[in-house]
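One structure is given here, and the rest of the page talks about it.
Keep in mind that this is a model prediction, so the values were computed, not measured.
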Amino acid sequence: MKLKSSSFKVGILTLIALTILIFTILWVKGRAFSSAERIEVHFRDVNGMRAGSGVQMMGLRVGQVEEIIPVIDGDKSYVKLKFVITEPNIKIPTASTISIQQSGLIGEQFLEITPPKTRTLYIPAIGNQLAYKNDPVQIKLDDKYYDVGYIKNTNIVVTQAIPLELQKSIQTTHAYKIDYVVN
């Protein structure tokens with residue numbers, strides 16, 4: 001009876017050790033067991049990237065490439081690249097740019113996610129304020145307006161404080177400085 005008891009304990013201990021080993025290997029590889037965000041992008045060429053390559057946002061590793069699938073369709077051929085965001089609480093902003101980058105001496109490939117940048121517009125200050133924070137940014141296509149972003153901040157500045165190349169186009173002493181994001 002004592003033999004069965006010892007072998008049973010060794011068997012249970014072995015199963016626990018194997019389970020811990022498998023979870024550790026998958027954790028080190030960056031695989032997420034939860035419902036991590038999975039994204040698919042298309043490229044014309046992936047420049048030698050392979051599954052397992054890193055995904056970075058603003059220089060920090062936030063995920064990894066899971067799958068690379070070539071899609072052959074004559075002149076419309078492309079490469080489908082699927083990646084997963086493994087870091088919790090990381091959200092990719094709408095209108096982010098995803099590009100393939102290279103690092104190090106050996107040229108390791110990785111995906112870089114660049115969030116949309118704030119852009120600035122200067123308008124001559126005439127009369128009342130034209131725009132306010134959180135107002136929509138719109139574009140006109142085919143006689144219809146579409147929301148494409150929002151105004152992040154507005155200020156009135158002295159024209160002499162704006163870049164020299166823009167001062168010539170503003171003929172007033174003050175200008176509206178409008179910071180906006182296109183998403």
Side-chain angles (χ1 to χ4, degrees), residues 18-123 131 133-154 162-163 165-166 177-183:
L18 279 173
T19 304
I20 290 172
L21 178 67
I22 289 171
F23 276 96
T24 302
I25 289 171
L26 291 174
W27 178 72
V28 167
K29 286 185 75 173
R31 300 271 183 202
F33 295 107
S34 64
S35 58
E37 185 176 1
R38 285 171 168 71
I39 300 167
E40 179 179 303
V41 292
H42 298 173
F43 289 100
R44 286 273 180 218
D45 184 9
V46 291
N47 298 324
M49 180 173 282
R50 52 192 157 86
S53 296
V55 176
Q56 295 183 5
M57 186 159 91
M58 299 185 303
L60 300 172
R61 186 177 174 120
V62 295
Q64 77 176 32
V65 175
E66 283 191 328
E67 191 175 16
I68 299 173
I69 304 167
V71 177
I72 310 300
D73 188 20
D75 291 341
K76 299 177 187 174
S77 296
Y78 61 94
V79 179
K80 189 186 310 183
L81 192 140
K82 294 181 182 179
F83 66 94
V84 62
I85 301 299
T86 56
E87 290 298 315
N89 302 323
I90 296 291
K91 299 287 183 212
I92 297 176
T94 307
S96 292
T97 304
I98 299 174
S99 61
I100 297 173
Q101 300 294 323
Q102 227 175 7
S103 71
L105 294 173
I106 31 178
E108 178 186 357
Q109 305 282 337
F110 65 93
L111 280 184
E112 178 68 34
I113 301 170
T114 308
K117 294 181 174 29
T118 301
R119 300 174 186 184
T120 302
L121 172 69
Y122 294 96
I123 301 174
K133 185 176 181 176
N134 296 325
D135 279 353
V137 173
Q138 297 181 329
I139 188 171
K140 184 178 180 181
L141 294 173
D142 300 325
D143 295 328
K144 188 174 178 184
Y145 287 94
Y146 298 93
D147 289 348
V148 295
Y150 65 95
I151 294 177
K152 201 168 181 179
N153 196 15
T154 61
I162 65 175
E165 62 271 7
L166 298 175
K177 177 185 177 194
I178 301 173
D179 298 321
Y180 65 97
V181 175
V182 174
N183 57 14

Would you sort out whether Q101 and S99 count as a side-chain hydrogen bond (donor to acceptor under 3.5 Å, both in side chains), showing the intermediate values? CA-CA 6 Å; Q101 300 294 323; S99 61; 2.9 Å; yes
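- Contacts of K80 classified as side-chain hydrogen bond (donor to acceptor under 3.5 Å, both in side chains), with partners at least two apart in sequence or in another chain: none.
- The distance from the CG atom of D179 to the NZ atom of K117 is 14.5 Å, given to the nearest 0.5 Å.
- L166 and Y122 get closest at one heavy-atom pair: CD1-CD1, 3.5 Å.
- The shortest heavy-atom contact between R44 and V79 is O-CG2, 4.3 Å.
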Audit row: I90, L60, side-chain contact (heavy atoms from CB on, under 4.5 Å) steps and yes/no: CA-CA 11 Å; I90 296 291; L60 300 172; over 6 Å; no
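- Interatomic distance, CG of N134 versus NZ of K152, reported as 11.0 Å (0.5 Å rounding).
- Atoms CD1 and CD1, from I39 and I113 in turn, are 6.0 Å apart once rounded to the nearest 0.5 Å.
- Minimum interatomic distance between S96 and P93 (heavy atoms only, all atoms of both residues): OG-O, 2.7 Å.
- Taking every heavy atom of both residues into account, G63 and T86 meet most closely at CA-OG1, 3.5 Å.
- There is no side-chain donor-acceptor pair under 3.5 Å between E112 and T114.
- Taken from CZ in F110 to CD1 in I100, the straight-line distance is 10.5 Å, to the nearest 0.5 Å.
- In this structure, the separation between NZ on K91 and CE on M57 is 11.0 Å, given to the nearest 0.5 Å.
- Note on residues 86-105: no pairs pass ring-ring contact (aromatic ring centres under 6.0 Å, His included), not counting sequence neighbours.
- Applying the side-chain hydrogen bond (donor to acceptor under 3.5 Å, both in side chains) test to residues at least two apart or on different chains, none of the pairs has a partner in residues 46-60.
- Side-chain contact between V46 and Q109: absent, with no pair of heavy atoms (C-beta onward) separated by less than 4.5 Å.
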Could you pull out every donor-acceptor pair under 3.5 Å between side chains of residues 136-146 and any protein atom, sequence neighbours left out?
unit_1: Q138; atom_1: NE2; unit_2: D147; atom_2: OD1; d: 2.9

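- Looking at K133 and T154, their side chains never come closer than 4.5 Å, going by heavy atoms from C-beta outward.
- Closest of all the heavy-atom pairs between I72 and S77 is CA-OG, 3.5 Å.
- Under the rule for a salt bridge (charged side-chain N to carboxylate O under 4.0 Å, His left out), the partners of E67 that lie at least two apart in sequence or sit in another chain are K82.
- To the nearest 0.5 Å, atom OG1 of residue T118 and atom CD1 of residue I151 are 12.5 Å apart.
- Applying the ring-ring contact (aromatic ring centres under 6.0 Å, His included) test to residues at least two apart or on different chains, the pairs with a partner in residues 72-107 are H42-Y78.
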Could you go step by step and tell me if V65 and V55 meet the side-chain contact (heavy atoms from CB on, under 4.5 Å) rule? CA-CA 7 Å; V65 175; V55 176; 4.3 Å; yes
